[in-house]
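Computed from heavy atoms alone, side chains included, the values below leave out hydrogens, waters and symmetry copies.
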Amino acid sequence: MPSRRYRALALAMAVLAIASCFLLPLLAARVVRGAMERSGAMDRAAYASGTSPWSWRFRDANDLVAGKVFGDAAIKSGEQGLIVAPTRSGRGELGFPLTRQADLSRLNLLRLDASAPAGQFSIVVRPTLSAPLVRADLTGLAAPIHLDQLTWRDATGATVAAPGRAAMLRLAFMLPTDATLVLRGASLARAGGPLPETGTPIPTGLTAEGLLHWRDQQRAIDPLTTFGSMPPPSPGPNWLRLTPVAVYFVLLIANSIRTRRQRTTSRLDDLVHAALAAAGPLWLIVGLGLAPRPDASAVAMFAGGVAYAAYLTWIRAVPRWHWKGNWRMAGWPLLAIPVALGVAAVAGHAPAWPPLGRALLYIGWAFFQQWLMLAVVAGLLARALPRPAAVLLTALAFALLHTPNGLLMQLCFVAELGWAWWYLHHRSLLPVAVAHAAAAVIMQACMAGGVLRSLEVSARFLS
């Protein structure tokens, strides 16, 4: 029978769990608000310098829409930029990534940092994703292009007004067989000079999802609006940005060597191991380093944390666990599946099942998360702390891996409380991983785009 002290601790952890469930959305909203303010400051700095947030540098295929050229051409990375070589007809298009609509009536100047000895070129615009394409021929690539002074035509060849906005922007080309196009960069700017600062105050009291919905509404009205009043960021020295990475890797290496030499481990050792294994992945996600082009230093910390967790598993410094275990008790973690179906039936929409490749990605990500959170972090915490505390800390770490997706953080926190409690009793990973993967696919199919904005995390959630 549990002692009075243990029951008091369990009650305290339950109170903290309830409080955490309500505090997680506040944390998510704070992270989103800070990201909006930083983004607004960077946008205003770009306008003040005579450019805009719609600026691109082309180094490899991933800098283009879909990571490829549309049409008869091959691309490769070169020392000076992206090299486009014609094949067959030599006709193709290069898509410039647009994370949001661009206002071409005010950002009416297109600068292309590109060169080609010969060829025909044009600009292709789709004002909205459902609008027809319009096209304007270019006389050259070197001079700045005044978009409002070009002759625009629709698919029939009829002259049309210059597009006021762009939801899709491409450079079309037709190259002769002996010519290549080198594309180094492109940017939209205002021909009349810098735009004035237009920082819009960010409302208070909204959730992370509410803030992003409000931001999208403001941008639909004015694509050039910025948010907050934060001053433009000043670039710091590289050594300052790389210091956390260096310190983290020194700690990883030092503890790896020390652990290898130790015959026994203390509770403090287990706490340090758990913290180091979780710190790298949390640094990437919570620090908004997981963007379309992830921050290299944050990715390095993520990889370091995962490698450290794998090393601890390899040298058997984590408590023993197994994949299958006793399936007679597996129904408890698998209850997450009917619960997810029930939530989807009440608050979801008609299923839109993800493609097989994306579903497999969810499944692989779910298995990885549960290995890291349960087999490594929870196992180490449970050896160093009372079980209720280990369960709570594991669930919090799991929720933070989904920052700043506020509602998803809550759902993951509640689910991991149950999964961690069950796992620490049975040390079986597969039932939890299957439940997590199935619940993720159900939520993506039936809730994403509705009550749940998306299943994205970190900076990807902000797009």
Would D103 and R219 pass as an ion pair if we require N to O under 4.0 Å? no

Find the distance between CG (L188) and CG (L147) and round it off to the nearest 0.5 Å. 6.5 Å

Please say whether the positively charged group of R170, taken as NZ for Lys or CZ for Arg, lies over the ring of F70, i.e. under 6.0 angstrom from the six-membered ring centre and within 45 degrees of the axis. yes

Looking only at atom types and distance, does a side-chain atom of Y248 sit under 3.5 Å from a main-chain N or O of L276, one as donor and one as acceptor? yes

Ion pair present between D216 and R453, side-chain N to carboxylate O less than 4.0 angstrom? yes

Quick one: are I202 and E37 in side-chain contact, heavy atoms under 4.5 Å? yes

Does R190 make a cation-pi contact with W54, if we ask for NZ or CZ under 6.0 Å from the ring centre and within 45° of the axis? no

Say whether, by atom type as modelled, one donor and one acceptor occur between the side chain of S52 and the main chain of A189 under 3.5 angstrom. no

Check whether any side-chain heavy atom of L133 lies under 4.5 Å from a side-chain heavy atom of M168, and answer yes or no. yes

NZ/NE/NH1/NH2 to OD/OE distance under 4.0 Å, D63 and R293: yes

A side-chain contact here means heavy atoms from C-beta on lying under 4.5 Å apart; do M409 and P25 qualify? no

Just wondering, do L462 and R460 contact through their side chains at under 4.5 Å, heavy atoms? no

CZ of R57 to CZ of R184: how many Å apart, nearest 0.5 Å? 8.0 Å

Would the distance check show the side chain of S55 and the main-chain N or O of S187 forming a donor-acceptor pair, the cut-off being under 3.5 Å? no

Donor on one side chain, acceptor on other, Q369 and H402, under 3.5 Å: yes

Determine, for R358 against E456, whether the closest basic-nitrogen to carboxylate-oxygen distance falls under 4.0 angstrom. yes

Given salt bridge (charged side-chain N to carboxylate O under 4.0 Å, His left out), test D154 with R135 step by step and report yes or no. CA-CA 6 Å; D154 61 15; R135 180 186 301 265; over 6 Å; no

List the steps and the verdict of ring pair (Phe, Tyr, Trp, His ring centres under 6.0 Å) for F96 and F58. CA-CA 10 Å; F96 299 163; F58 299 103; 5.4 Å; yes

Please step through ring pair (Phe, Tyr, Trp, His ring centres under 6.0 Å) for the pair H436 and F398, ending with a clear verdict. CA-CA 12 Å; H436 180 184; F398 183 62; 5.3 Å; yes

CA sep, side-chain torsions, deciding dist, call: F368, W365, ring pair (Phe, Tyr, Trp, His ring centres under 6.0 Å): CA-CA 5 Å; F368 164 77; W365 179 235; 5.4 Å; yes

Below 4.0 angstrom, N of the basic side chain to O of the carboxylate: do D43 and R100 qualify? yes

